[in-house]
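Only one structure is covered here, and it is reproduced in the block below.
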Amino acid sequence: MRRKLIAGNWKMHGLADRLAEAEKLSEAYPDPACEVVLCPPATLISRMWEVLLGGGIRVGAQDCHPAEAGAHTGDISAAMLADAGASHVIVGHSERRADHHETDALIAAKLHAAHGAGLVAILCLGETGAERDAGAARDVVTRQLEAALPAGARAKDTVIAYEPVWAIGSGRTPTPAQIAEVHGTLRAALQRLVPDQADGMRLLYGGSVKPANAAEILAITDVDGALVGGASLDAVDFSAIIAAAEALS
Ligand code: PGA
């Protein structure tokens with residue numbers, strides 16, 4: 001049985017005062033029945049690690065550079081993230097694909113770097129609204145998965161997050177049938193790409209997950225957790241999503 005994972009992506013939100021939200025979560029969930037990871041901006045990783053120390057919630061990062069070290073002003077390596085306390089790193093988020101022109105090849109290299117530093121990689125995939133309208137959603141996510149997943153990816157070091165671009169921050173979500181269809185497609189692709197790991201690898205859904213829809217989304221076949229943006233910034237909202245996952249764990 002795959003353990004549900006609830007990951008919060010704070011994006012470019014949060015100054016030190018927001019660490020109070022992490023503290024509240026840590027107090028509310030000292031030993032959550034599902035896995036919980038908070039990915040703050042890089043500036044807060046080490047301080048959040050200290051806030052969560054000794055509890056059951058982990059810290060993650062939102063991106064890493066593909067190289068181990070070097071002359072890359074402003075960038076952060078996977079080893080630096082691990083050194084700051086991160087256990088997970090998001091790679092290939094659609095906002096980075098769009099804002100920073102990240103290609104599938106670059107994302108594959110970042111995944112490799114994440115694994116090299118001992119981090120769990122959360123690989124984001126998802127179609128745009130135009131691609132969905134054209135009936136290409138399943139082809140797009142399959143291509144993105146094939147391009148970025150290393151042959152040696154393991155269930156314990158890799159998580160896949162299906163995030164339709166049109167659902168992120170929009171308040172719109174696919175129907176449960178649409179989510180199930182894409183997750184089924186991804187599970188079948190994993191069976192082909194990493195046969196001995198496919199059954200154990202978590203498939204998250206992300207895009208406008210809120211307290212009001214979390215229970216329904218998390219109950220869908222092959223949905224093993226959620227990647228949550230806006231609703232992860234507030235301890236009350238994020239707690240409700242964690243509680244929905246715990247109820248299914
Ligand atoms: P959202 O973001 O929950 O605010 O839609 C999800 C994400 O981008 O990971």
Side chain to side chain contact (heavy atoms under 4.5 Å, CB included), paired with L149, selected from I107, I160, L125: I160
Donor-acceptor pair, side chain of H183 and main chain of D222, under 3.5 angstrom: yes
Do L227 and I90 have side chains that get closer than 4.5 Å, going by heavy atoms? yes
Strictly distance-based, threshold 3.5 Å: is any side-chain N or O of R132 a donor or acceptor partner for the main-chain N or O of E127? no
Within-4.5 Å side-chain heavy-atom neighbours: V223 and K4: no
Does E216 CD have over 12 foreign heavy atoms under 6.0 Å away? no
A121 and L111 have their tightest heavy-atom pair at CB-CD1, 3.6 Å
Whether the side chain of E68 engages the backbone of S77 through a donor-acceptor N/O pair (distance < 3.5 Å, no angle test) should be reported. no
Positive for salt bridge (Lys or Arg N to Asp or Glu O under 4.0 Å) with D224, one of R202, R187, R3: R187
So does A155 get a backbone contact from the side chain of Q197, meaning a donor-acceptor N/O pair under 3.5 Å? yes
Side-chain heavy-atom pair R154, H115 within 4.5 angstrom cut-off: no
Backbone of P164 reached by a side-chain donor or acceptor of Y162 within 3.5 Å: no
Counting distance only, does the side-chain N/O of R97 pair as donor-acceptor with the main-chain N or O of C124 below 3.5 Å? yes
Is any side-chain heavy atom of M201 less than 4.5 Å from a side-chain heavy atom of L193? no
Heavy atoms from other residues, nucleotides or ligands near CG of D196 exceed 12 (cutoff 6.0 Å): yes
Quick one: does K210's side chain have a donor or acceptor within less than 3.5 Å of a partner on V228's backbone? no
Flag, side chain of T128 to backbone of V165, donor-acceptor distance under 3.5 Å: no
Using side-chain heavy atoms (C-beta onward) and a distance below 4.5 Å, is L123 in contact with L145? yes
Donor-acceptor under 3.5 Å (Q62 side chain, P40 main chain): yes
Is E246 reaching over with its side chain to a backbone N or O of A33, donor-acceptor style, under 3.5 angstrom? yes
